[in-house]
Each structure stands twice: as C-alpha cells, then as structure tokens.
Amino acid sequence: MKLLTAATTLSLVYGAAASCSDYDNEVKLMDQTGADTGGTLYYTLGDEDIMVCVHNPTESEKGIWTAIGFSSNGKMLADDGPTHNSIIGGWTDTPMKFDMTSQAFDGSGVTPSATQTLTDASYLPSDDEGMVLKFTKKLEEDGEVPIKTNGENKIIFSWGEPMSFHSVYSHVKVNFMAAQDPPEPETNDEVVPDPQTDSCSDYDDEVKLMDQTGADTGGTLYYTLGDEDIMVCVHNPTESEKGIW
C-alpha cells in the first residue's frame, strides 16, 4: 500500500484515545511467514453490516497509517471481477474507502472510491499503544468484493509511516461465523458417567501374544469357538495420554 500524496498527512485528535474492547470477536493478523504482527482485527457481525476495529500496535514519531481491505484473491489487485478496495486511516482526516487499481510507487493507483458509505469511521491513538482504525461497512455493496458472514474472506492489511511504502503487508483468511467464540456449554445437574470399560473375562480360552523375539508383550488373545464363527477379545495393556490403537 502506498501513500497517496504528500498532502494527505496523518491527522490525529490528540487527547482522545480508542480501544476495541466492545467488539464480539477477534482475529490475530499474521504476516506471510505466519509470524504475529501484533495487530488484531476485532469485529461484530450484523445482519447487513460488519463493525470493524483494527488495532495496529506500531508507534512512530512520524505517525502511522493503517489499511485493511476485502480481496477476491488475497492480493492488493484483483485478477478480474470487482476492483479491490481498502479502508485506510491516516491518509485523510476521516478513514475512507480507496480503490486499488495499480501498484505504482507514487500511489496513483490508490484513489478514493466514488461511493463513501462507511459509518462510524475514526482513526485515533490506542488507549494502550499504537493506533485504532474503526468503521462500520455494509456486507454487500455494488462493485465491491462481498463480505461473507459464513464462508472464507480474504482480508488484506498493511501499515507504514506517512509518505512511505508499507512496512507491514499480508493477508489472512477468515470465516467470520466460524471465528466467533463458541457458545458456552449448557450446564445441568446430571451425573456424568464414568468412562466405559470392558474385559475379556467371559471367553473360554486364551493365548499370550509374544513378540518376534519370544518375549511377552503383555497382550492376550481371548476367544470362544462356535460352529461357524469365533468370538475374539484382545487385551492390550499399553496406556498413553494420547490414546492407543
């Protein structure tokens, strides 16, 4: 992600601070190697929109811009179909949607979208460290990559200092519905039964199971012969926290 022009400098409201503590769910933002960037995407799903809060922990005396977008292929530019757009905080006074049509270093391929439909958008210092980008976006908008509530979303993100190339850039795959915290299990007063056990005590005959050297493995084959079948029970004495086949 590149800075658009020298005029679009970081705009902060000093004295104000923000946090993402009121959102329902969170996803860690990992880089392309799988390492934790320290950033986190928080969100709350609505019927027709999604409330997003991105915490970027990076701090710099020059300021930091933060961008997050919804992609059809996990990349900045689309192969075909809707143009990718990204919500960027720190380029303008209020976070906006930007269309991404090229990776030109001068930023000419990243321009404000024709329709600005974000609500509750803000970009403020975090009450912890770094910056917080907040906005509410419709799940489906004409000419844009749709946001799936139950299905894979490819989310691109980046941040960097003003007038500079991004210092962090990557993408994550998120199913917003699956990533939500599982419901708390229901509790009741029922007695939980002990784990089921079994034995081979009712079989007629037995054979010790020896290894290839003739040593006793500790296992035993028990059996009862019928006219047309055989009933078999094998006791394996091995125990493991991981389980045994």
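In what follows, every heavy atom counts, from backbone to side chain, and hydrogens, waters and symmetry copies are set aside.
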### Glu152 CD to Asn175 CG distance, which is reported to the nearest 0.5 Å
8.5 Å

### Gap between atom CD1 of Ile147 and atom NZ of Lys137 - 0.5 Å precision
4.5 Å

### Summary
Looking only at heavy atoms, the pair that brings Leu29 and Val172 closest together is CD2-CG2, 4.1 Å

### Task
Determine, using the 4.5 Å side-chain heavy-atom cutoff (strictly less than), whether Val27 and Val145 are members of one ILVMFWY cluster.
no

## Note on the structure
One should read off an interatomic distance between Asp79 CG and His84 NE2, to the nearest 0.5 angstrom, of 7.0 Å

### Task
To the nearest 0.5 angstrom, please state how far the CG atom of Leu225 sits from the CG atom of Asp205.
7.0 Å

### Query
Hey, does the side chain of Ser71 reach the backbone of Ile155 with a donor-acceptor pair shorter than 3.5 angstrom?
no

### Task
Compare every heavy atom of His166 with every heavy atom of Trp65, then report the nearest pair and how far apart it is.
CH2-CB, 3.7 Å

### Message
Tell me the closest heavy-atom pair linking Ser167 and Gly160, and the distance in Å.
### Response
OG-CA, 3.7 Å

#### Entry: Polar contact flag, side-chain donor to acceptor under 3.5 angstrom, Glu141-Thr117
yes

## Note on the structure
Minimal heavy-atom distance between Ser19 and Asp127, with the atoms involved, is CB-OD2, 3.2 Å

### Query
What heavy-atom pair brings Thr66 and Asn56 nearest, and what distance separates the two atoms?
OG1-ND2, 3.0 Å

#### Entry: Short side-chain donor-acceptor distance under 3.5 Å, Asp99 and Thr101
no

#### Entry: Sub-4.5 Å side-chain heavy-atom contact between Lys97 and Thr115
yes

### Message
Using only atom types and a distance under 3.5 Å, with no angle test, would you say the side chain of Tyr23 pairs donor to acceptor with the backbone of Cys53?
### Response
no

### Query
NZ of Lys148 to CD of Glu140: how many Å apart, nearest 0.5 Å?
10.5 Å

### Query
Between His171 and Gln32, is there a donor-acceptor pair closer than 3.5 Å when you use the side chain of the first and the backbone of the second?
no

### Message
Using every non-hydrogen atom in the two residues, find where Ser158 and Tyr169 come nearest and quote the distance to one decimal.
### Response
CB-CD1, 3.8 Å

### Task
State plainly whether one hydrophobic cluster holds both Tyr42 and Val52, where clusters connect Ile, Leu, Val, Met, Phe, Trp and Tyr through side-chain heavy atoms under 4.5 angstrom apart.
no

### Query
How long is the span from the CE atom in Met96 to the CD atom in Gln116, to the nearest 0.5 Å?
3.5 Å

### Query
Would a distance-only check, ignoring hydrogens and angles, find a side-chain to backbone donor-acceptor pair under 3.5 Å from Glu206 to Leu221?
no

### Message
Under the side chain to side chain contact (heavy atoms under 4.5 Å, CB included) test against Val132, which residue among Pro125, Ser122, Cys20 passes?
### Response
Cys20

